[in-house]
2 protein chains.
Amino acid sequence: MKTYKISEAVVKRLPIYLRFLNELAFADIQTVSSKELGDKLDLNPAQIRKDLAHFGDFGKKGIGYDVGYLIEQIRHILKLDTPINVALIGAGNLGHALSNYNMYHRDSMRIVAVFDQVPEKVGQMINNLEILPTAQLIQKVRELKIRVGIITVPAIEAQNVANQLVEAGIEAILNFAPIIIKVPVKVRVHHADFTTELHSLAYYLD
Amino acid sequence: MKTYKISEAVVKRLPIYLRFLNELAFADIQTVSSKELGDKLDLNPAQIRKDLAHFGDFGKKGIGYDVGYLIEQIRHILKLDTPINVALIGAGNLGHALSNYNMYHRDSMRIVAVFDQVPEKVGQMINNLEILPTAQLIQKVRELKIRVGIITVPAIEAQNVANQLVEAGIEAILNFAPIIIKVPVKVRVHHADFTTELHSLAYYLD
DNA sequence: AGGCTTTTGTGTTTTCTTTCACATGAGATT
DNA sequence: AATCTCATGTGAAAGAAAACACAAAAGCCT
């Protein structure tokens with residue numbers, strides 16, 4: 001187990017390993033090698049071994065990795081073995097799509113509150129959660145000890161929502177709005193903007 | 001103008017520049033420097049200059065970049081100055097969210113066909129497009145000269161859909177399903193999976 | 001029991017990406 | 001016209017990430 005800083009690239013791959021390992025576990029496969037992982041995930045086996053070796057010696061020479069054990073370890077590394085409350089701000093189609101996430105994945109990150117500014121939406125149910133007015137955002141985030149916010153509001157509102165989340169003491173934000181939001185360095189922001197993904201795809205057309 | 005291979009990292013930033021430049025143009029701002037861009041987009045100014053310099057000398061010393069001209073150039077680099085037909089496969093909440101994209105952005109990538117496997121959904125309208133049965137996928141992709149596919153079906157169906165897209169002669173795929181899909185090397189695939197984004201965020205919580 | 005095969009963990013090398021730092025040129029100012 | 005200020009484009013340096021290659025260990029086979 002090393003203590004130096006783990007690179008962002010490594011951290012982004014861990015959930016990909018985890019997802020595939022869960023598939024293997026579901027199929028009752030006990031063991032997997034870095035080569036098999038690499039083949040399935042389009043990654044170099046040495047890279048996978050090095051990624052994992054940052055956190056401990058999880059494998060067995062000549063055998064590979066025990067699927068169940070590795071799942072347990074990665075879940076722990078990613079802090080997915082303790083409950084994390086998540087807020088969703090913006091109950092549009094994208095918000096609805098993300099809220100379904102709760103139903104499919106029994107892992108520890110759970111959307112526990114949904115907010116929207118539009119009065120007509122407030123009070124409606126979305127996956128067993130009542131949509132709350134954004135005015136209650138700060139209060140509820142504190143009350144429910146919400147640590148992560150998912151922003152799915154229009155770009156024009158995104159920075160304002162982010163400011164409120166920060167004020168409420170949020171630790172991390174996943175932003176889907178097509179704008180770079182500014183937050184204090186202590187708050188971690190990931191941008192998930194599909195329009196930029198789509199536009200960069202166009203570059204590779206003949 | 002250089003002719004060597006442009007790195008993926010550069011291509012991923014171009015749409016981010018473009019988006020912000022469009023904001024500037026909308027606000028009638030004529031000129032922008034790499035420093036201003038860097039401040040707004042959280043990037044190093046030298047990196048922005050180098051990114052752009054790969055494609056030509058777009059700036060003026062002492063002045064910066066002409067916003068309108070730079071928009072034009074980046075749109076051309078990304079091939080966003082010619083129409084590109086896009087298919088959306090999967091008319092769930094996420095599919096609906098992405099289809100709205102057509103309404104907001106008057107750029108050249110347009111969703112021209114939506115497919116779903118579920119019989120109840122077929123025939124319904126989604127943003128002025130009739131949902132077609134997935135059985136018609138290959139035929140319609142060819143007929144409408146669709147070059148890009150967006151996959152928003154469940155993971156279990158994603159590879160099958162990808163295979164059909166490839167068979168129909170698609171050039172690029174944006175995959176939202178939580179699985180790594182396999183396609184021939186000539187087909188470009190970008191994975192846009194929000195669950196892995198969310199899980200990697202958890203790592204950075206205290 | 002000894003050799004064979006497999007696959008890990010990692011030191012080393014290579015490749016890729018970012019950042020620095022500065023000469024150059026464009027316009028503004030006096 | 002000379003000087004000043006600003007911001008580009010880029011060579012060089014630094015830093016980060018990926019890939020190579022191999023010793024070491026674990027189980028299997030004869």
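Chain A is the first sequence line, chain B the second, and so forth, proteins listed ahead of strands; every chain is numbered from 1.
- Rounded to whole angstrom, the span from the CD1 atom of A:I48 across to the P atom of C:dG9 amounts to 12 Å.
- Rounding to whole angstrom units, OH of residue A:Y17 and P of C:dT8 are separated by 12 Å.
- The distance from atom NZ of B:K60 to atom C1' of C:dT24 is 15 Å, rounded to the nearest whole Å.
- Judged purely by atom type and a 3.5 angstrom limit, A:T31 has no side-chain atom pairing as donor or acceptor with the backbone of A:D66.
- Position along DNA chain D of the nearest nucleotide to A:G62 versus A:E8 favours A:E8 as the more 5'-ward residue.
- Across residues 24-31 of chain B, not one residue has a non-hydrogen atom less than 4.0 Å from an atom of DNA chain C.
- Protein atom CG of B:L52 is 9 Å distant from nucleotide atom P of D:dT8, rounded to whole Å.
- When the P atom of C:dT8 is taken as reference, atom NE2 of A:H54 falls 16 Å away, rounded to whole Å.
- Across the protein-nucleic acid pair, A:K5 atom NZ and D:dA17 atom C1' stand 13 Å apart, rounded to whole Å.
- To the nearest 0.5 Å, the span separating CG on A:L201 from NZ on B:K79 amounts to 11.5 Å.
- Under the 3.5 Å distance criterion, with hydrogens and angles disregarded, a donor-acceptor pair is assigned to the side chains of B:N163 and B:Q159.
- In this structure, B:S200 contributes its side chain and A:K12 its backbone to no donor-acceptor pair below 3.5 Å.
- OP1 and OP2 of C:dT6 both lie 4.0 Å or more from every side-chain N or O belonging to A:Y65.
- Checked for salt-bridge contact, A:R75 and A:E72 miss the test: no charged N lies under 4.0 Å from a carboxylate O.
- Contact annotation: A:S34 side-chain N/O to C:dT8 OP1/OP2 distance is under 4.0 Å.
- Straight-line distance from the CG atom of A:L37 to the P atom of C:dT7: 12 Å, rounded to whole Å.
- Nearest heavy-atom pair across B:I170 and B:R147 is CG1-O, 3.4 Å.
- Remark: side-chain polar atoms of A:T196 are not paired, donor with acceptor, to backbone N or O of B:P15 under 3.5 angstrom.
- No side-chain heavy atom of B:Q136 sits under 4.5 Å from any side-chain heavy atom of B:E143.
- When each of D:dT10, C:dT10, D:dG27 is scored by its nearest atom to the side-chain atoms of B:D57, the top-ranked nucleotide is D:dT10.
- Counting to the nearest Å, the C1' atom of C:dT18 and the NZ atom of B:K12 are 18 Å from each other.
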Report each atom pair, protein N/O against N/O of nucleotides 18-23 of chain D, whose distance is under 3.5 angstrom.
from, atom 1, to, atom 2, distance (Å)
D:dA18, OP1, A:R13, NH1, 3.3
D:dA18, OP2, A:R13, NH1, 3.2
D:dA18, OP2, A:R13, NH2, 3.0
D:dA18, OP2, A:Q47, NE2, 3.1
D:dA18, O5', A:Q47, NE2, 3.0
D:dA19, N6, A:K50, NZ, 2.6
D:dC20, OP2, A:N44, ND2, 3.3
D:dA21, N6, A:R49, NH2, 3.2

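- Between A:K182 and B:D42, at least one side-chain nitrogen of the basic residue sits less than 4.0 Å from a carboxylate oxygen of the acidic one, meeting the salt-bridge criterion.
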